[in-house]
There are 2 protein chains.
Amino acid sequence: MTRPVRLADVAREAGVSHGTASNVFSRPEIVRDEVRERVFAAASKLGYAGPDPKGRLLRAGKVNAIGVATAEPLSYFFDDPFARTVMSGISQECDATGAGISLVSAANKEQLAWNIQSALVDGFIVFCVEGGSRLVELTRERKLPFVTLDFAEHDDTVATIGVDDVAGAGMAARHLAELGHRRFAVLALPTIETGYGPTTLERAQNAIYSGTRDRIRGYFEVLATHGIDVKAVPIYETENDEASTRAGMEHLFASPEPPTAILAMSDRMAMAALDWLRERGIEVPGEVSVIGFDGVPESAVSTPPLTTIAQPIVEIGRRAVQTILGFDGTIRRETLDVELIVRGSTAPPPSGS
Amino acid sequence: MTRPVRLADVAREAGVSHGTASNVFSRPEIVRDEVRERVFAAASKLGYAGPDPKGRLLRAGKVNAIGVATAEPLSYFFDDPFARTVMSGISQECDATGAGISLVSAANKEQLAWNIQSALVDGFIVFCVEGGSRLVELTRERKLPFVTLDFAEHDDTVATIGVDDVAGAGMAARHLAELGHRRFAVLALPTIETGYGPTTLERAQNAIYSGTRDRIRGYFEVLATHGIDVKAVPIYETENDEASTRAGMEHLFASPEPPTAILAMSDRMAMAALDWLRERGIEVPGEVSVIGFDGVPESAVSTPPLTTIAQPIVEIGRRAVQTILGFDGTIRRETLDVELIVRGSTAPPPSGS
DNA sequence: CATAGCGCTTGGATCGATTCAAATTTTGCT
DNA sequence: AGCAAAATTTGAATCGATCCAAGCGCTATG
């Protein structure tokens, strides 16, 4: 491979200064036609690829791209329905402003640090699904504007966009309780770094992820006001994927008194639960009701369509980009409203129970 | 906003040369402990954010990120099932090698040019869905390694990874013909830049997108060998989205002799067709058979599950990354195999017809 | 003919780091 | 202590562009 052609080479070939050569490419209107032609001719003779963005970048300072970071593998952005929908909102806003998107992630921790440190971006949007605070620290060190999504640790030095998880979970529980359900079960998001299985209310209340904690709190506060024996409600902690959710359903329905109402902390779990129930021939919503959380697009077309607590997911993505691009030095914590969307997966419990 | 701290500031503060300061961050093991501590102390005193990747980049030359370009809006990567699945493969490979991903796109043409020209990447993967060749030209000018996906124009100067569209479409047509169908209709991918509606075989054969042309060819060659009157087979050109596909179904089924077999050029269209048929109460596969193309994950869980021609989509993504990262100067055109996956959306036609 | 004004071109400074050959300090050994 | 070898540190060069104050040539004006 031969050494690539630089602007200086073109300038020399055309017999002009590098300043003029630069102008030919970046502000063609200020150079004389004849000179411009000569420079273009030299450029194409030498096979010049155009001003190298690497050089331009250093001078310009702005990358014109925003980074989206997560501690999950990169494919998370394309596989997870929630992430995908947020990304869709981020994309819309980036398209509108002409900014690019850089996806940043890493399989292992050292990689993560390096990737965050060397990402060429003007700011970060941080997905706080797992390993949240480590990622946040790393990002903070870059001293670039950044927003976290759903990072509700009450830390006023980090900007966050999220929803009121407590209220949303409360709406879910209230909906089912008012339908007459008395036997509940919770399919919970991760409470600790790894692993899944049945857990206790106390452990769930101390989950390291604030979203998990808040949703638990929302569910149980409302359940308690409806006179449900809160300590008897089984909680199964999953990894928010198909396999662990199925294991959870297996466990919950092995009980002598299986639940008639499932509170799932994500639509992904809720939809996996729906699949499991359908395979077992258990009627939804006839025998068991299921309510999700998130309001991902897929939830509208599941069978049956999922009743869920909808977040304004696309809007979250758009605002995140706006926050980065219009960063003015102030840290804001935005909380958006959620909405109960009643579809076909919830109904009163079977009369016998 | 104050001027950011540079490595040189830290070096001065710590009383060392900038060469040493640089070593402290990039090769800490070669500087004496005492000096290293002093530099770190100076850095944290000044609030240094660590070596700026912009500066490092210029010296190092490699960005360690690969660009994925399309002429569609950025949200295409997250909304379209095929794109999403390719991205998933790309992600896996990038995760494995530690490379980042930059998404490049543009709403309008000038933006596109600028975005391609200024993308900070080591190579490009080009999605050739629309506006293919313009995008390819722009990318070629960067003189970086690049691979196109499904860009079958027979141009040996561009590397491509794709499938044998003719053979795949042929398999689809053969499957339905052997099931006994005689009344076919085609839901086609775009043949021209914009717009949708009924079209003719001749126009479709001259589609500007090679994928469209090849699939048409595959369908009709096989149909002809089964004695079908090829000129009577209606073709409806869509924009590969829900709305235009529905319009297409509306049109095709308004005919006095509606088709019993739908050849859809993408799973996305096939699934939209399935929805449309279900809403009309038309039985699939009892009254009408539908076959897709692509084999996106969603096709396995539609109702009914979709019979389709599966491409190795994830593999395509992985290979694309490997091609860029391991670029050795040779241009390769890889053609991967497709496979007929028979699921629940195809069956013999109703006996009466 | 001198001078002002305009338009284009020039070349040095700069962006923020890394690299490497040469200079300097330390260490090890007698 | 003396000296060679090893370990560190230095500082200039480089990566590839853009910016801008100064300079130059040309035309229009008095």
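Each chain gets a letter, A, B and so on, in the order the sequences are listed, and its residues count up from 1. All values below come from the heavy atoms of this structure, side chains included, with hydrogens, waters and symmetry mates left out.
- Donor-acceptor pairing under 3.5 Å, judged by distance alone, is present between the side chain of A:Arg59 and the base of C:dT14.
- In this structure, the CD1 atom of A:Ile30 is 8 Å from the P atom of C:dC8, given to the nearest Å.
- For the side-chain contact (heavy atoms from CB on, under 4.5 Å) test with A:Ile66, the passing option among A:Asp122, A:Val121, A:Val321 is A:Val321; the others fail.
- For the pair A:Arg140 and A:Thr157, the minimum side-chain heavy-atom distance is below 4.5 Å.
- Here D:dA17 presents its C1' atom at 15 Å from CG of A:Leu120, a figure rounded to the nearest Å.
- Comparing C:dA13, D:dG16, C:dT19 by their nearest atom to the side chain of A:His18 picks out C:dA13.
- Side-chain nitrogen and oxygen atoms of B:Arg6 include at least one within less than 4.0 Å of the OP1 or OP2 phosphate oxygen of C:dG16.
- Side-chain contact check for B:Glu141 versus A:Tyr48: every heavy-atom pair is 4.5 Å or farther apart.
- Across all strands shown, B:Arg27 has heavy atoms under 4.0 Å from sugar-phosphate atoms exclusively, and none from any base.
- For A:Ser22, a side-chain nitrogen or oxygen approaches OP1 or OP2 of D:dT18 to under 4.0 Å.
- Distances shown here put every side-chain N or O of B:Ser17 at or beyond 4.0 Å from the OP1 or OP2 atom of D:dT9.
- Listed pair B:Tyr48 / C:dA17 meets the phosphate criterion, a side-chain N or O lying under 4.0 Å from OP1 or OP2.
- Nearest to the side chain of A:Leu58, among C:dT18, D:dA17, C:dG16, sits C:dG16.
- Looking at A:Arg56, its side chain has no donor and acceptor atom pair within 3.5 Å of the base of D:dT18.
- Projected onto DNA chain C by closest heavy-atom contact, A:Ala60 and A:Val35 fall at different nucleotides, the more 5' of which corresponds to A:Val35.
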